[in-house]
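For reference, the structure discussed in these notes is given below.
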Protein chains: 2
Amino acid sequence: MERRDRLFEVIENLLRAKNECSCKIFSDCGLSDMTVKQVSYLKTIDEQGEVTFSRLAEITRNSKPTITEMINKFERMNCVYRERSNDDRRFLYIRLTAKGKKIAKVEHDALRQVIERMISSLDESEQDLLIGLLKKIR
Amino acid sequence: MERRDRLFEVIENLLRAKNECSCKIFSDCGLSDMTVKQVSYLKTIDEQGEVTFSRLAEITRNSKPTITEMINKFERMNCVYRERSNDDRRFLYIRLTAKGKKIAKVEHDALRQVIERMISSLDESEQDLLIGLLKKIR
DNA sequence: TAAGATTAGGGAAAACCTAACTAAAGAAAC
DNA sequence: GTTTCTTTAGTTAGGTTTTCCCTAATCTTA
């Protein structure tokens, strides 16, 4: 078997492992049929930190009613909640629940899980060797 | 910086590289806004090899008109074409065009491109070392 | 007459919109 | 200092378009 194919195989296994981890996170949350778009909106909310309806409408280039509708749906899924500002009670902040955060960070957490497996399968010098090799690429 | 974080970083870079390759394949095909579902149908057609409308309806648990509609759309995108069977002229085979095949194999090809980069950045003994390390995981 | 695919026509849900509303805040007039 | 006007944030109501699926009827070949 050629080096090329063996490399392909080991990397593919790594990707498959990561993918299984993210699927598990979705199913643990009971949200296996979320769309790519929905996940990316949760990511945007997460990245922005303090975000209001108007601001999210601006960022995502949607109208405000579209955002209201979307947030209502996320609320029904227990991914977000509304929090009124004390400074100016017209403002509503969109906050992620624990579940919402989990989904927003699904890629990150799945990769973390794979890294944990690596750490438990390789000793420290092997880990350093692997880091060194992967750093050389490109 | 901790080993954990350095590992995370190098693997994340690898994933990002692969992702950029698949995005490039989509945009080269002029099909940047394909849905996950559409790609998975093209994959199914590819995997089946010789597949008729009725058979695809069966596999995907859709009605035959739904398949006709879907294939018409794919035809407009230049991803598939119809080929009538010579044995029994009632049968129509769904065939992938070069573009259709490219999309069906997008994940595979993107990974191949990343592997090529690895091969050009690492010498043979380093490649073997990397394979050995990744094989040890789990 | 039967089987494979298509056409016609339609239903339900998703993903968006505009216009009109409510509630709160800020400013201006008295 | 209260009342009134204006502006801003978000919601509600109602509609359009697109997607994704369906059944029933039709055409073509066996």
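Only a predicted model underlies this, so the values are computations on that prediction, with no experimental measurement involved. Each chain gets a letter, A, B and so on, in the order its sequence line appears, and its residues count up from 1.
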Handout entry: Atom pair distance, as rounded to whole Å: CG in A:Asp33 and P in D:dC20
Key = 15 Å

Handout entry: Nearest-Å distance for atom pair CD1/P, residues A:Ile94 and D:dA9
Key = 13 Å

Practice task
Starting from P on D:dT11, measure out to CD1 on A:Ile67 and report it in whole angstrom.
Solution key: 11 Å

Handout entry: Nucleotide nearest B:Glu69 (side chain, heavy atoms from C-beta), chosen from D:dC20, C:dA5, D:dA9
Key = D:dC20

Problem - N or O in side chain of A:Lys37 less than 4.0 angstrom from C:dA14 OP1/OP2 - result: no

Handout entry: Atom pair CG (B:Asp5) and CD1 (A:Ile115), whose distance is rounded to the nearest 0.5 Å
Key = 9.5 Å

Problem - Donor on one side chain, acceptor on other, A:Ser125 and A:Asp123, under 3.5 Å - result: yes

Handout entry: A:Met70 CE - D:dT11 P separation (whole Å)
Key = 12 Å

Handout entry: Greater than 12 external heavy atoms within 6.0 Å of B:Arg16's CZ
Key = yes

Practice task
Give a yes or no on whether B:Phe53 and B:Leu96 share a hydrophobic cluster (residues Ile, Leu, Val, Met, Phe, Trp, Tyr; joining criterion: side-chain heavy atoms under 4.5 Å apart).
Solution key: yes

Exercise for the section: Quickly work out the B:Lys73 NZ to C:dT6 P distance and round it to whole Å. Expected result: 16 Å

Using nucleotides 26-30 of chain D, report all nitrogen or oxygen pairs with the protein that are shorter than 3.5 Å.
unit_1: D:dA30; atom_1: OP1; unit_2: B:Arg89; atom_2: N; d: 3.0

Problem - A:Leu7 and its side chain to side chain contact (heavy atoms under 4.5 Å, CB included) partner, picked from B:Leu130, B:Leu111, B:Leu122 - result: B:Leu130

Exercise for the section: Would you confirm whether B:Lys99, through its side chain, and B:Gly30, through its main-chain N or O, come within 3.5 Å as a donor-acceptor pair? Expected result: no

Practice task
Step through the shown structure and confirm whether more than 12 heavy atoms of other residues, nucleotides or ligands are within 6.0 Å of CD on A:Glu124.
Solution key: no

Handout entry: d(CG, B:Asn72; C1', D:dT19) in whole Å
Key = 15 Å

Problem - For atom CD1 of B:Ile71 and atom P of C:dA5, their distance in whole Å - result: 11 Å

Practice task
Check each of B:Lys18, B:Lys43, B:Arg112 against B:Glu107 using the salt bridge (Lys or Arg N to Asp or Glu O under 4.0 Å) test, and report the only one that passes.
Solution key: B:Lys18

Practice task
Rounded off to whole Å, could you give me the CZ-to-P distance for the A:Arg82 and D:dG10 pair?
Solution key: 10 Å

Practice task
Please work out which residues in residues 47-65 of chain B have a non-hydrogen atom less than 4.0 Å from an atom of DNA chain D and list them by number.
Solution key: B:Arg61, B:Asn62, B:Ser63, B:Pro65

Problem - A:Arg90: partners by salt bridge (Lys or Arg N to Asp or Glu O under 4.0 Å), with sequence neighbours left out - result: A:Asp88

Problem - D:dC20 OP1/OP2 closer than 4.0 Å to side-chain N/O of B:Thr66 - result: no

